[in-house]
Amino acid sequence: SQQGEEDPQALSIQEGENATMNCSYKTSINNLQWYRQNSGRGLVHLILIRSNEREKHSGRLRVTLDTSKKSSSLLITASRAADTASYFCATVGNTGTASKLTFGTGTRLQVTL
Amino acid sequence: NAGVMQNPRHLVRRRGQEARLRCSPMKGHSHVYWYRQLPEEGLKFMVYLQKENIIDESGMPKERFSAEFPKEGPSILRIQQVVRGDSAAYFCASSPGQHQPQHFGDGTRLSIL
C-alpha cells in the first residue's frame with residue numbers, strides 16, 4: 001500500500017499566489033523527498049529533507065517535516081504558470097532496503113495566468 | 001551529461017508477447033531502480049539493483065517479471081506473456097549511492113492490446 005497520502009489531490013491557484021501541499025506517512029523514515037512530474041514526463045527531484053531536519057529551503061520552495069506527526073509540507077511561493085505539474089512526496093525508510101522510495105498519491109497543481 | 005535514458009518511450013504489445021524495457025543510468029551511477037505508475041496514481045517501487053546484483057525485488061510480481069543490470073550495458077526489465085493489466089508507465093531511476101536523490105528517466109509507456 002502507498003506509504004504517503006497527499007492533500008489536496010488537486011489545487012488550482014493564480015500566478016503569484018502561494019501553493020501549499022501536504023504529505024502524511026506511516027512508518028519511520030530516513031528522509032523525505034519531493035518530486036515534480038510534468039505530464040508525460042519523468043520525475044524531477046526538488047528537495048530532500050532528512051529525519052533530523054525540520055525545515056529546508058531551495059529557491060521558491062520551502063519544505064517542513066514534523067516526524068512526531070509523520071507529516072511534511074511543500075510550499076511554493078510566488079507561483080508561476082510553469083509550476084503547473086503533479087507533485088509527489090516520497091519517503092525512504094529506516095528498515096529493509098534503505099534506498100527505495102515509497103510515493104504518495106500526488107497533488108495536481110494548476111497555476112493560471 | 002546525459003540523464004537517465006529509457007527506451008523505447010512507447011511500446012505496444014499483444015497479450016502473450018514479451019516486453020523488454022531498457023534503462024541506461026546516469027554516468028557514474030551504479031544503483032538502478034524500477035517503478036511502475038498507473039494513470040492518476042503515484043509510482044510504486046518494483047526492484048532495486050546494483051551492478052550484477054538484485055538488492056530488493058519486493059515490489060516485483062512473483063511471475064512473468066524479471067530484471068537485470070549486467071556488468072556491461074543497460075538495465076533490462078522483462079515482462080513475459082504480457083496481460084492487459086501490465087499496461088502502465090514504467091520508470092527507471094538511478095543514484096550514485098544509497099540515501100541519495102534519484103534521477104528519473106522519462107519512462108516507457110507500455111500498452112497491451
Between A:L48 and chain B, which part of the residue has a heavy atom less than 4.5 Å away: side chain, backbone, both or neither?
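Only the side chain of A:L48 comes within 4.5 Å of chain B.
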Given a strict heavy-atom distance threshold of 4.5 Å, which part of A:Q37 is in contact with chain B: side chain, backbone, both, or neither?
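Answer is side chain: those atoms of A:Q37 sit under 4.5 Å from chain B.
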Return the orientation label for the B:F65 and B:Y90 ring planes: parallel under 30°, perpendicular over 60°, tilted otherwise.
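Tilted: the ring planes of B:F65 and B:Y90 meet at 30° to 60°.
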Aromatic ring proximity B:Y35/B:F104, centre distance under 6.0 Å
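Centroid distance B:Y35-B:F104: below 6.0 Å, so yes.
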Find the one option among A:R41, A:R50, A:R108 whose heavy-atom pairs under 4.5 Å with chain B are most numerous.
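Among the listed options, the one with the most contacts to chain B is A:R41.
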For the student: nearest non-hydrogen atoms of A:L61 and A:L46, plus distance:
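That would be CD1-CB, 3.9 Å.
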Applying the 4.5 Å side-chain criterion to the ILVMFWY set and letting contacts propagate, would A:F103 and B:M60 be lumped into a single cluster?
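Different hydrophobic clusters.
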Among the options B:R9, B:Q37, B:Q100, B:Q6, pick out the one with the most heavy-atom pairs lying under 4.5 Å from chain A.
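Option with the greatest count: B:Q37.
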